Amino acid sequence: MGTKSGLTQRLCLEKILLQCIIQSRTLSGADVIHALKPFYFAVHPDFFGQHPKERAVNENSLKRLNGYLENLQKPGFHSFKPTQLTFYVREREPNSSNVQESFSTSGFRAVSFTLHTRDLLSTVLDILNSCSLSTEHIQSLSVNSQPHKEAKSTLNRPIKWDKTYYSFTGFKDPEEELDQAQRVETTLTSWLDDNEASAVIKLKKSLPLREELERLKFELSHQLQLSDIRWQRSWGIAHRCSQLHSLGRLVQQRPEVLKNVKGRTLVFTDRSGMSAAGHVMLGTMDVHHHWTKIFERLPNYYKLQERLLFLEDRISQLLGGIQVIYVEELQPLLTLEEYYDTLDSFYNKLLDSRLPFHPQSLRGLQMILESDRYTPSLHEFGHFTIPTVCDPATLQWFIIAKAQEARENLKRREEMMITEKELIDTSAEKFSLDRLYKEPSVTSAQMIDCCKRLLQESLPYLQGMHLCISHFYSVLQDGDLCIPWNWKS
């Protein structure tokens with residue numbers, strides 16, 4: 001009887017083991033890229049050029065997702081922690097067979113999900129299902145996988161046992177432990193406990209490059225008599241140094257073409273030209289030839305900028321003295337030509353309507369123009385957001401009705417910005433931070449709330465660190481600690 005029972009147990013375990021080996025088959029790195037192609041087309045930051053907040057969120061989440069996928073492919077890597085991600089996903093266009101063209105350029109939705117899987121296949125399926133994307137192509141990938149590749153990956157993966165195995169043996173189920181850990185919300189102190197050491201290592205490693213970056217920035221700013229050098233995106237320190245070295249070589253080779261850049265701000269970004277704010281843009285993917293052409297064309301850009309300022313002044317006169325502004329942090333990155341066309345179209349529309357605003361009745365108020373909106377709105381900072389397609393009569397009624405509220409918001413903005421700066425300085429001093437800053441998508445109100453709560457905490461981990469207030473927890477490649485503005489204690 002005992003022999004029969006032992007045989008039954010052994011056969012049961014062998015059956016479970018066989019099921020687990022079949023279940024543990026996974027995708028290769030190349031398969032993952034192909035499988036997630038619809039997902040990348042739906043969330044890639046390059047498709048959110050006119051939505052800076054959503055673009056920043058997707059950039060941050062993609063970095064963290066790529067780190068999670070890379071860890072899954074490391075042999076023997078066992079330390080998996082639940083990772084919560086948020087993406088803005090573009091809506092699909094109906095009746096489109098092409099993957100790239102099937103996504104709308106205007107509509108999108110926010111999707112949040114938590115990854116806690118231990119193999120690539122399950123992770124890919126979780127991502128696609130969470131974003132309501134098709135998983136039909138995954139089956140063909142699994143079927144077409146080479147047997148020897150599957151066997152190799154299986155050997156490098158921890159065995160995923162059936163639930164009955166843990167009931168039978170009494171061992172702890174790691175997935176169940178992960179589920180329990182997921183229910184416990186991440187706190188600021190617990191996250192710093194887990195990540196401070198790795199951030200310190202990365203920060204120390206980046207210090208020589210940081211010094212090199214500051215030296216290059218100072219020398220080029222002084223040599224070219226620039227107002228500032230900036231970066232549109234959060235590239236790493238090494239990448240930024242490389243871009244400045246490239247600019248330095250151009251200065252040595254063609255110093256005469258850079259004489260017209262005096263007093264300007266240089267911005268390294270995705271394309272070359274001049275921005276709506278009047279900054280000289282250098283596309284990081286462009287070669288010296290393209291940069292040279294931009295520097296040579298600067299006199300023409302300056303003439304266009306004068307015409308643009310004249311247009312803004314004419315619009316202001318037609319709208320009772322309200323000031324037309326362009327806010328880099330809140331508006332999509334536009335070239336000077338694109339912004340001029342937007343202003344010109346809006347100006348001609350106002351001329352035809354002849355709105356009866358009393359001269360200078362709206363002096364002291366501000367407005368920005370946006371081409372991807374349909375209804376006017378009043379921002380918490382006090383400026384009006386006016387769609388270029390807005391009906392003139394609706395525009396007039398809205399501005400007059402909201403004028404007093406706009407003045408109150410503008411006054412509150414000035415007070416808020418002073419409070420924000422004071423709290424940043426106080427927080428940086430209390431925690432001996434080397435730097436405290438925020439992502440552009442974090443508002444002043446959110447930053448103020450974050451700093452006030454930080455000042456109530458004792459956080460010795462932060463001494464000498466670079467702290468970025470963001471929407472997620474993350475350690476950047478150069479050691480900057482990112483924490484959400486609404487962190488939990």
Side-chain angles (χ1 to χ4, degrees), residues 43-64 85-88 108 110 217 227-237 239-240 243 265-271 275-284 325-335 338-339 366 368-370 372-373 377 379-383 385 409 413-414 416-421 423-425 427-428 433 435-451 454 466-478 480-487:
V43 305
H44 199 281
D46 287 350
F47 295 112
F48 291 79
Q50 295 189 355
H51 305 280
K53 176 185 174 182
E54 290 76 11
R55 177 179 182 138
V57 169
N58 282 10
E59 280 185 345
N60 190 301
S61 294
L62 277 176
K63 288 178 186 175
R64 299 173 66 230
L85 300 172
T86 297
F87 286 99
Y88 286 94
F108 49 80
K217 186 177 176 181
S227 174
D228 194 10
I229 297 178
R230 302 178 189 169
W231 286 264
Q232 181 209 359
R233 298 171 69 175
S234 54
W235 285 296
I237 304 297
H239 197 165
R240 296 187 182 200
Q243 291 159 0
T265 292
L266 282 184
V267 182
F268 288 96
T269 181
D270 295 327
R271 52 180 173 168
S275 72
H279 303 325
V280 179
M281 302 189 301
L282 298 180
T284 57
I325 61 172
Y326 177 83
V327 185
E328 287 182 275
E329 295 80 7
L330 300 176
Q331 293 182 257
L333 182 67
L334 298 177
T335 64
E338 291 169 342
Y339 189 47
Q366 298 174 334
I368 65 174
L369 280 175
E370 287 202 1
D372 61 344
R373 291 178 179 264
S377 62
H379 194 272
E380 62 175 344
F381 281 172
H383 62 260
T385 301
N409 286 5
R413 178 186 70 175
E414 294 175 3
M416 190 177 291
M417 291 180 73
I418 293 172
T419 303
E420 181 183 19
K421 186 180 184 308
L423 284 170
I424 290 174
D425 292 342
S427 301
L433 287 164
R435 187 186 178 204
L436 174 59
Y437 63 104
K438 68 174 184 177
E439 288 188 348
S441 54
V442 176
T443 66
S444 291
Q446 291 170 341
M447 188 66 173
I448 289 171
D449 176 70
C450 176
C451 289
L454 277 176
H466 292 239
L467 183 64
C468 174
I469 308 304
S470 174
H471 297 276
F472 307 98
Y473 286 107
S474 177
V475 178
L476 301 184
Q477 64 189 56
D478 295 304
D480 293 45
L481 289 165
C482 293
I483 64 170
W485 68 270
N486 56 344
W487 51 270

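Heavy-atom basis, side chains included; hydrogens, waters and symmetry copies ignored. Everything quoted here is computed from the prediction, not taken from an experiment.
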If you take all heavy atoms of [X] and [Y], which pair is closest and at what distance?
{"X": "Gly236", "Y": "Gln477", "answer": "CA-NE2, 3.4 Å"}
{"X": "Leu436", "Y": "Ala428", "answer": "CD2-N, 4.2 Å"}
{"X": "Ser470", "Y": "Asn60", "answer": "OG-ND2, 3.7 Å"}
{"X": "Thr335", "Y": "Met281", "answer": "CG2-CE, 3.9 Å"}
{"X": "Ile469", "Y": "Leu454", "answer": "CD1-CD1, 4.5 Å"}

(message) Is the ring pair Trp231/Phe268 parallel, tilted or perpendicular, if the boundaries are 30 and 60 degrees?
(response) parallel
Any chance you could measure [X], atom [atom1], to [Y], atom [atom2], to the nearest 0.5 Å?
{"X": "Ile448", "Y": "Met417", "atom1": "CD1", "atom2": "CE", "value": "10.0 Å"}
{"X": "Met447", "Y": "Thr419", "atom1": "CE", "atom2": "OG1", "value": "13.0 Å"}
{"X": "His471", "Y": "Lys438", "atom1": "NE2", "atom2": "NZ", "value": "9.5 Å"}
{"X": "Ile368", "Y": "Thr385", "atom1": "CD1", "atom2": "OG1", "value": "4.0 Å"}
{"X": "Glu420", "Y": "Asp425", "atom1": "CD", "atom2": "CG", "value": "10.5 Å"}
{"X": "Arg240", "Y": "Thr284", "atom1": "CZ", "atom2": "OG1", "value": "11.5 Å"}

(request) Taking salt bridge (charged side-chain N to carboxylate O under 4.0 Å, His left out) as the test, write out the residues that go with Glu338, two or more places apart. (result) Arg271
(message) Can you tell whether the side chains of Glu59 and Lys63 come within less than 4.0 Å, N to carboxylate O?
(response) no
(request) Please determine if Arg435 and Asp478 form a salt bridge, counting it only when a charged side-chain N lies under 4.0 Å from a carboxylate O. (result) no
Under the 3.5 angstrom rule, does the side chain of [X] hit a backbone N or O of [Y] as a donor-acceptor pair?
{"X": "Asp480", "Y": "His466", "value": "no"}
{"X": "Ser61", "Y": "Thr86", "value": "yes"}
{"X": "Tyr326", "Y": "Leu334", "value": "yes"}

Could you tell me if the side chain of [Y] sits less than 4.5 Å from the side chain of [X], heavy atoms only?
{"X": "Leu85", "Y": "Phe472", "value": "no"}
{"X": "Glu328", "Y": "Arg230", "value": "yes"}
{"X": "Leu266", "Y": "Asp228", "value": "no"}

(message) Centroid separation under 6.0 Å, is that true for the rings of His379 and Phe381?
(response) yes
